[in-house]
Amino acid sequence: MSEIASELDSESSNERFARGSRLVDLLSKTGLSLAILAVILYGSFSSPAFFTTGNFLNILTSMSIIGIVVVGMTFVLVVGGLADLSVPATIACGAILSLGLQPVIGPVPAFVVAVALSGLIGSVNGVLVGYLGVNPIIATLGIGTIALGIVQAAVGGVIVYGANPESAEFVKGRLFGIPVVVLIFLAVAVIGHFILARSFWGRWTLATGGNYSAAEASAVPVKAVKAGAFVITAVAAGISGGLLGLTLQSARPLIGQGYEFSAITAVVVGGVSIMGGFGSVPRAIAGLIFVQLLTNVMVLDGVRTPIQGFVLGILIAGAVGMDSALRKRGVA
Amino acid sequence: MGKDLTLVREEIKPEMGSTDFALSMKGITKTFPGVKALSNVNFAVKFGTVHAVVGENGAGKSTLMKVLSGSYQPTSGTIEVGGTEARLRRPADAQALGIRMVHQELNLVPDLTVAENIYLGRMPGRWGFLDKNEMLQKATAVLQEQETAIDPQEILGNLSISQQQLVEIAKAYAANPRIIVLDEPTSSLSEHETAALFRILRKMRDAGIAIVYISHRLKEVLEIADEVTVLRDGSMIETRPIAGISASEMIQLMVGREVSNVFPKSPAKIGEPVLRVNSISDGANFRDVSFDVRAGEILGLIGLVGAGRTEVARAIFGLSGIVEGTLTLNGKDVVINSPAEAVKAGIAYVPEDRKGDGIIPGMSIRENISLPVLRSLTTFGWIRGKADRTLADQYVKQFSISPPDPERRVNLLSGGNQQKAVIAKWLAAKPSVLILDEPTRGVDVGAKAEIHNIIGQLVANGMAVVMISSELPEVLGVCDRIVVMRDGQASPPIDRQDLTEERIMALATGEEVA
């Protein structure tokens, strides 16, 4: 009795999951799955084109490119790094380099170099945020703008086209009937999930986001962990950009526009806390699935684009609002 | 000053006198889903008295105060303030009735001046413009009345924590309250500063204010309170005049069992020096600090708040830098630049601020315990689940952490059990030196004894322990030798037998003993 009462006694204004009624707890665990189910049910009734293998494959494919970014962005939010706004620039870097370097060093090295240089953008972000304590929004916005400028200058502001049809065929092709892009996304998601949930680095990431000074006092290299989250996101965005370039066989500097917003929406809708310390890759991907299905249903129903944006905006505001409210009340 | 005094105080007088009771809570029950946090509690406070509320962590003190402050709605029961029934739906309702809370964590804005803080949210002025002169005048009057030597124009952040606490009390006082609730007001104060606080409390009491005083420190309760109410497991056990109760009776009522010895000191064999601190300075908070701590020994490090105790501990642990001096660990000079290096060298530190630096609230007991040694539990970077669980199981059992469920989120535990988890976390790193900063602060009597027992077991096994504490009886009861710090300088270690509370206070304040 006294133990439980102490839960109620303890001041827990900024602690998530301090206590909770069973209903709220259940809703937080199953709410998203229910929402996904509801969208699928509604979609099946409202449009004959919805519940078809073709449509689902389309959703999966379009989800995969952004999904890779979502996996990375989860680390940034969990570590308490708010958000990485340099994602569009990193995607552009990945796409432009992986196509532009093809004639010079061949498709596979081009892809690797593109991802590595994207990671470099992430490490600059990481140093600024983790080691110098710059606000992540400002740092990533600034570095993103600079990186985009450099990439634009390097390619002369024009569109870069692919020079290696085989690599395009491979990326667009299927393996065991599943599009290769989807397989790559699944691989990235599984690796990301295991790193966050099962590796010491993931535990450190959660600890740093949960309570920075306590993690520091527990011998966690907090600065490196915080920086690392931005490197992980940049590498993911680089892979995503490279695949996007190969799929489209063309890359312009603004190719990644809007991806940061979509990724943050998915992660936040998935219930990953914007304040850090709580979240997982599967949750973020569930958020992504929900957003993608909803968008798909809206498209099939002929909902106009501005309304779609409106709905997504409400969704993200609602998710963040709920996060804050839950934190304030300390429930679920 | 007399004129200023009436300026501040005149509004309150007419409301009093209609009844002796400032507050009367009757049959208060508060249930949360599945839990009864308060059960039929009766609680009444007279005007012009200091009424202490004591009880173990989780006894319902905070819940009761949250009901009083309007943060929680009681499930049933009535509240009368000044003789009239009141419905407190939100904190603003309680404030409008003259109920003010002074929380353990200060609610002040460090970048504003003292005067601005005192009148925060109620700044005097006209048409939306602030009348700075009036505010300053009023703030000066309030501070003078409280006989505190704080400049109202000083920026708050430049004050010491204890001075900030006094500002917080002045802020509550300036709002013409009928009831002031103080939650553990002395937890960051030294004995010297506590005495100053008590002078202010007595003044406020004599001015007719009802003061509710929540504290774990029974000695202080005996000193300041007129009446005391004991809570246990959400029920009111007893309310008594302070004259008719002793500390051991209070403890008995609080825990419902007899605690024979509050400070058990298990004898341990004292061996060779493990850590030697050789005239270290950090260039700001302390200078030329030297001491050594031996295997099997508990070394007390005490002093007034701001004397540099915590800073010394943090520097040894690599959380802040040492500019001069060296550390010798097991006969070898070591340089420590980060907590990770300290852990590797065999030094562990249980910080003072448990919520801020100790626990990761959203993580389980298991995840908290294994955090400092996580790398050693991995294979190719992956955490070995079984090793992780075994470690947690072991300490949960050894320290009888309650509830004994390693998967329980650590912020759901009581303060004492959280502290045990934080200590366990460090023992997993197998340190040769353990630095404990206020290990029993904010912890109830039963858990305190358990923590002392744990420390006793550790030194019995040859660990060297440095313990920072503000509680002199605790220090004198537990420590073998004591280093007293004052203004950043440290005395040489003194044997416990050669010390008394008075002697320590004299060393800590620099005042000569009579």
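Quick note on labels: first sequence line is chain A, next is B, and so on, each numbered from 1.
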**Message:** Once rounded to the nearest 0.5 Å, what's the spacing between atom CD1 of Ile359(B) and atom OG of Ser218(A)?
**Reply:** 10.5 Å
**Asked** Could you give the distance from CZ (Phe278(A)) to CE (Met363(B)), rounded to the nearest 0.5 Å?
**Response** 12.0 Å
**Asked** With respect to chain A, which residue among Ala342(B), Pro372(B), Gly356(B) yields the maximal number of heavy-atom pairs within a distance under 4.5 Å?
**Response** Gly356(B)
**Among Asp353(B), Leu377(B), Val350(B), Asp357(B), residue most engaged with chain A (heavy-atom pairs, under 4.5 Å)** = Asp357(B)
**Prompt:** Can you name the closest pair of heavy atoms from Ala215(A) and Ile360(B) and give their distance?
**Reply:** N-CD1, 3.8 Å
**Asked** Which atoms form the tightest heavy-atom contact between Ala219(A) and Val343(B), and what is the distance?
**Response** CB-CG2, 3.6 Å
Does any heavy atom of chain A fall under 4.5 Å from the side chain of [X], the backbone, both, or neither of them?
| X | answer |
| --- | --- |
| Leu319(B) | side chain |
| Ser338(B) | neither |
| Phe317(B) | side chain |

**Message:** Could you check whether any side-chain heavy atom of Ile195(A) comes within less than 4.5 Å of a side-chain heavy atom of Trp382(B), counting everything from C-beta outward?
**Reply:** yes
**Request:** Check whether any side-chain heavy atom of Asp388(B) sits under 4.5 Å from a side-chain heavy atom of Arg203(A), and report yes or no.
**Result:** yes
**Asked** Can you check whether Gly358(B)'s main-chain N or O pairs, donor with acceptor, with Asn211(A)'s side chain at less than 3.5 Å?
**Response** no
**Request:** Please state whether the side chain, the backbone, both or neither of Phe194(A) comes within less than 4.5 Å of a heavy atom of chain B.
**Result:** both
